[in-house]
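One structure below.
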Amino acid sequence: MTAPILITGAAQRIGLALVQHFITTNQPVIMTYRTRHNVIHELEQQGVTCIQCDFSETNAIDQLVSKIRMRHSSLKAVIHNASSWDCEEKNHNFNDLFDSMMRIHTKVPYLLNLALSDLLLAHSSVSDIIHLTDYVAETGSAKHIAYAASKAALDNLSKSFAAKFAPNIKVNSIAPSLIIFNEHDSSEYREKTLKKSLMAIEPGCREIVNSVELLLNSNYITGRTLPVDGGRHLK
Ligand SMILES: NC(=O)C1=CN([C@@H]2O[C@H](COP(=O)(O)OP(=O)(O)OC[C@H]3O[C@@H](n4cnc5c(N)ncnc54)[C@H](OP(=O)(O)O)[C@@H]3O)[C@@H](O)[C@H]2O)C=CC1
Ligand SMILES: Nc1nc2c(c(=O)[nH]1)N=C([C@H](O)[C@@H](O)CO)CN2
């Protein structure tokens with residue numbers, strides 16, 4: 001029985017694209033969702049283990065880990081995708097904003113990596129941890145200050161955990177810039193955002209699927225950050 005891949009926050013967009021990709025490759029998947037989107041039923045019908053989990057709740061991590069342990073004795077990979085793109089302009093309670101950003105983007109991956117490390121080590125070959133960070137982890141963001149700081153902390157976890165778990169577990173970050181817009185994004189915002197990168201396109205989720213597969217298929221890349229940003233750093 002092939003060990004499953006765990007993907008957090010995978011009921012929509014990039015996380016869902018990863019789940020749907022692994023279904024096509026017959027790779028078992030455990031996914032977490034906060035909101036039970038309509039797609040969840042379909043995923044369950046396709047054999048995906050779907051676990052409801054709101055990481056803002058105190059016991060969420062312990063409950064998730066125990067549910068995983070009840071069914072599985074090893075894991076092929078853990079992909080930390082769950083995220084909240086919140087900002088100071090929308091949330092003026094800066095104390096809460098900072099704590100929620102750090103919790104979902106840094107504390108949850110940190111605690112899950114430590115709690116699940118024995119299942120990753122039990123995998124029959126080298127396993128993987130992949131953190132979805134962000135281009136702004138490197139540059140900062142005046143409009144998403146706490147968000148960017150939390151993603152920078154998440155990126156730093158890749159270095160520490162890579163050193164701690166080598167050679168049995170590879171640990172890397174993927175740092176995207178624009179991958180997919182949100183439905184509510186205005187045409188002005190879209191136009192402005194597209195101009196931020198050299199490629200000037202909205203690449204779509206396949207870019208992240210390809211990046212995840214590259215890391216999973218490597219025997220040598222660890223402790224690194226894979227930038228997926230259309231050359232934004234050269235604009
Ligand atoms: N989309 C893009 O262009 C870019 C994305 N990224 C990163 O890539 C990853 C995927 O991005 P994208 O698909 O846009 O992500 P989304 O903004 O669509 O969020 C993904 C999921 O995270 C879940 N989530 C949010 N907060 C919590 C929580 N407290 N507990 C549990 N789940 C939670 C959401 O659940 P719910 O459905 O209930 O809201 C959502 O389904 C993220 O880490 C993001 O930061 C980085 C740069 C660009
Ligand atoms: N959790 C999320 N994080 C990010 C999103 C998103 O929709 N959800 N979107 C972006 C932007 O695409 C940005 O990269 C370009 O404006 C960043 N992070």
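One-based numbering, in listed order, for ligands and for the atoms of each.
For ligand 1, the atoms closer than 4.0 angstrom to any heavy atom of Ser56 are 29 (N). Every atom of ligand 1 with a heavy atom of Ser177 under 4.0 Å away is listed here by number and element: 3 (O), 47 (C), 48 (C). Close approach of ligand 1 to Lys151 (heavy-atom distance below 4.0 Å) involves ligand atoms 42 (C), 43 (O), 44 (C), 45 (O). Below 4.0 Å from some heavy atom of Cys53 lie the following atoms of ligand 1, by number and element: 30 (N), 31 (C). Close contacts between ligand 1 and Thr133 involve ligand atoms 7 (C), 46 (C) [criterion: under 4.0 Å to a heavy atom].
In this structure, Tyr33 has no heavy atom closer than 4.0 Å to ligand 1. Contact analysis leaves Tyr135 out of contact with ligand 2, as no non-hydrogen atom separation drops below 4.0 angstrom.
Considering only non-hydrogen atoms, atom 29 (N) of ligand 1 lies nearest to Asp54 out of Asp54, Leu132, Asn81.
No N or O atom of Arg232 sits closer than 3.5 Å to an N or O atom of ligand 2. Residue Asn182 places at least one N or O, backbone or side chain, under 3.5 Å from an N or O of ligand 2. For ligand 1, the polar-atom distance check finds no N/O of Ser84 at less than 3.5 Å from any of the ligand's N/O atoms.
Counting heavy atoms under 4.0 Å from ligand 2, residue Asp134 touches it through the side chain alone. Of the heavy atoms in Tyr147, only side-chain atoms (C-beta onward) come closer than 4.0 Å to ligand 2. In Leu178, the parts holding a heavy atom less than 4.0 Å from any atom of ligand 2 are both the side chain and the backbone. Contacts between Thr8 and ligand 1 below 4.0 angstrom, taking non-hydrogen atoms only, are absent altogether. With a 4.0 Å cut-off on non-hydrogen atoms, Cys205 does not touch ligand 1 at all. Here Arg13 has side-chain heavy atoms under 4.0 Å from ligand 2, and that is the only part of it that gets that close. Counting heavy atoms under 4.0 Å from ligand 1, residue Ile179 touches it through both backbone and side chain. Contacts with ligand 1 closer than 4.0 Å are made by no heavy atom of Ala60, backbone or side chain. The residue His105 has no part lying near ligand 1, judged by heavy-atom distances below 4.0 Å.
Using modelled atom types and a 3.5 Å distance limit, the side chains of Thr8 and His80 yield no donor-acceptor pair. Looking only at atom types and distance, the side chain of Asn172 has no donor-acceptor partner in the side chain of Ser158 under 3.5 Å away. No hydrogens or angles considered: nothing links the side chains of Ser84 and Asp86 as a donor-acceptor pair under 3.5 Å.
Checking side-chain atoms of Asn113 against main-chain N and O of Pro109 turns up a donor-acceptor pair under 3.5 Å.
The aromatic rings of His131 and Phe161 lie tilted to each other, with the angle between the two planes from 30° to 60°.
Protein heavy atom closest to atom 38 (O) of ligand 1, with residue, atom name and distance, is Thr35 OG1, 2.6 Å.
If you take CD1 on Ile5 and CD1 on Ile30, they are separated by 10.0 Å, rounding to the nearest 0.5 Å.
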Original post:
How far apart are the C-alpha atoms of Glu213 and His21, what are their side-chain angles, what is the distance that settles it, and do they pass the side-chain hydrogen bond (donor to acceptor under 3.5 Å, both in side chains) test?
Top reply: CA-CA 10 Å; Glu213 283 290 358; His21 165 71; 2.6 Å; yes
